[in-house]
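Please read the structure below before turning to the comments.
Lettering of chains follows the sequences in order, A, B, ..., and the numbering in each one begins at 1.
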There are 2 protein chains.
Amino acid sequence: MTARPAGRSAPTLESVAALAGVSRATAGRVLAGSTTVGEQAREAVLAAAAELSYVTNRAARSLMTRRSDSIGFVVGEPEERFFADPHFALVLRGAHAALAGHDVQLVFSILASARDRERFERFAAGGHLDGVILVSLHGDDPLPQRLQDAGVPVVLSGRPFRPVDGLAYVDADNTGGARSAVDYLTHRGRERIATITGPLDMPAAIDRRDGFLAGLAAHDLAAHGVADGDFTVAGGRRAMSELLAARPGLDAVFAANDLMAFGAMQAIAESGRRVPHDVALVGFDDSPLAASVHPALTTVRQPIVAMGEAMAERLIAVIEDGPQAPLVMPTDVVARASA
Amino acid sequence: MTARPAGRSAPTLESVAALAGVSRATAGRVLAGSTTVGEQAREAVLAAAAELSYVTNRAARSLMTRRSDSIGFVVGEPEERFFADPHFALVLRGAHAALAGHDVQLVFSILASARDRERFERFAAGGHLDGVILVSLHGDDPLPQRLQDAGVPVVLSGRPFRPVDGLAYVDADNTGGARSAVDYLTHRGRERIATITGPLDMPAAIDRRDGFLAGLAAHDLAAHGVADGDFTVAGGRRAMSELLAARPGLDAVFAANDLMAFGAMQAIAESGRRVPHDVALVGFDDSPLAASVHPALTTVRQPIVAMGEAMAERLIAVIEDGPQAPLVMPTDVVARASA
DNA sequence: ATGAAAGCGCTAACAA
DNA sequence: TTGTTAGCGCTTTCAT
């Protein structure tokens, strides 16, 4: 079937050239923005192209240029949680926005199974993607390394679990963000501060915990409890209950993401304590719901959309100029009612 | 730049054929799954392809077949809200999953500006997309009609604002879902039932309101208040406050989506009332957070991921067999603590 | 059952 | 500045 009403077939460069009264090459030059073209030829071509609603045939172009003019946005983690998290969509939005002016397609892909991975790797290595944005990888995933070995430009969201030579990535300043959360709490007079961590196979979770501990150390404090969470509401609630049972005297909690903070908020309320009067609570992310819950959540904001944009720009840079240094973006505390 | 280590260039059908000792045509036939090929030729070709990690060059294929082997997943509404809503990501996930076996790419696009729209329309009409999944259109958007006029297969998420001849779409049974919410509430003995609607330029909001009213009518009841919301937490909270002020005697509320129900929950608590004891609350969506809030939200579940899958399958059907009837998927009430 | 050959629409040398 | 020409890798007649 054809994506076009019967009869008319898509205009080609040939037809544009004919209408403009020039050769195909000249028409091509104009459309490619070449400067070595006469003024009247240019105008004629532009007029003809507009007249015919000409659109370059990407397939034909790709065949010649050996570029695909498309870049992959690849989700390494098929877990439900990731899709339920607004983060993902916002990164995608940022990446798309940054690519808007570049005339490249964003090809979306999820690597759900081992077969998916294998197929994707061949596809990318086969030159069908000019570059790849990789999000939500877990643990020590070999994919970025393998893609890089195959010569495929890659940018990661978040630092890799283990350093990879010459691998570009964009990350939030998780360590600094966690430290500033601690600073914020100590400035408000809190001294018995606990934390709920994310899953510790994720660099973001590790960095936030380390930043938390470093922040406390800078104030000559020790953690008033550390509970493992998993970045979910239910996990945050469970972890908070454990903390309250083990350390009933705590007066503040830093949750490594907002979802866990929401869960913690419930657990605190159920224990008969009040936020922030009895327990101050700080989250991480500034997710869309943070301002809407009650009490509104004080949290460490990371610039998600900007990070998505940065990843796309970084990738373009890798494609055009080779390896790029990592980029760590600043975070800041958004003060609301919970702390 | 090239997505491949210097020196080695991507294997072509030519090289596979050479290694297998057959002609390019035969190699092509094998890889295309043709039956008119000798057994030993087939095996030789398959072995050679595996050996070389051959991947079909899509550009070259497209040029011949005049298909792009890619379908667009297009977001018509650039609003922040949409991306903050987990719905979007889950539909995308479903669509991707359904396409997994079809060897097509999912090209993701957001139509943020009028220029984006115009460019996209030309792109699609130019035959560079075999079909389009259109998500989150607002009001009476002409895009589906225009694409269809241009011969581009389209599937919509949600029924269009105004009927479009021969346009395929996949929707949840919003009317039936709202009715079942009312049934559920009346079965629990509630009789003074209010609703918080979505933005009434969206068919889903209209249908849920209408279903709500029809459900009440079936029980010989009238609405105990109708407040306009906008599908956000803040909007739900505001609307709930208005309802409580205007109709302090209400004993149940149906919110047209979960986010508004979350907001309503806060407003109810602030008024000193308790959920569900004083006011029963039912949402719509069964969003990931519905089970995690406190009290857990009773809500009308719609099968989001399945709807994403259905949209992709529908689109394939439109592409291969022409116009398809709309598909309305069933909803069901998930009983939790809030009602 | 297989091969030879003709393009699909475009870009990039190379000539003019 | 412009035109001519030669492919890019694939699918698809048409012969054989």
Residues forming a side-chain hydrogen bond (donor to acceptor under 3.5 Å, both in side chains) with [X], sequence neighbours excluded:
X: B:Ser157; value: none
X: A:Arg314; value: none
X: A:Ser70; value: A:Ser68
X: A:Ser113; value: A:Asp116

>> Applying a 4.0 Å non-hydrogen cut-off, can you work out what B:Thr12 is touching in the nucleic acid: base, sugar-phosphate, or nothing?
In response: sugar-phosphate

>> Rounding to 10°, can you tell me the angle the first-five-pair axis of the helix from C:dA1-D:dT16 to C:dA16-D:dT1 makes with its last-five-pair axis?
In response: 40°

> On DNA chain C, which is the earliest and which the latest nucleotide, 5' to 3', with an atom closer than 4.0 Å to a heavy atom of chain B?
Replying inline: C:dA1 to C:dG9

> Could you give the start and end, 5' to 3', of the contact zone on DNA chain D for chain B, using atoms under 4.0 Å from its heavy atoms?
Replying inline: D:dG9 to D:dT12

> Parallel under 30°, tilted from 30 to 60°, perpendicular over 60°: which one fits the rings of B:Phe108 and A:Phe108?
Replying inline: tilted

>> My understanding is that only residues two or more places apart in sequence, or in another chain, count here; which of them pass side chain to side chain contact (heavy atoms under 4.5 Å, CB included) with A:Ala89?
In response: B:Phe83, B:Phe88

> Going by number, which of residues 39-49 of chain A have a non-hydrogen atom under 4.0 Å from DNA chain D?
Replying inline: A:Ala41

> So, B:Arg61 side chain and B:Thr56 main chain: donor-acceptor pair closer than 3.5 Å or not?
Replying inline: no

> What residue pairs, at least two apart or across chains, pass salt bridge (Lys or Arg N to Asp or Glu O under 4.0 Å) with a residue in residues 20-36 of chain B?
Replying inline: B:Glu14-B:Arg24

> So which pairs with a foot in residues 132-148 of chain B pass salt bridge (Lys or Arg N to Asp or Glu O under 4.0 Å), sequence neighbours left out?
Replying inline: B:Arg117-B:Asp141, B:Glu121-B:Arg146, B:Asp140-B:Arg162

> So which of residues 15-31 of chain B are in contact with DNA chain C, with a heavy-atom cut-off of under 4.0 Å?
Replying inline: B:Val22, B:Ser23, B:Arg24, B:Ala25, B:Thr26, B:Arg29

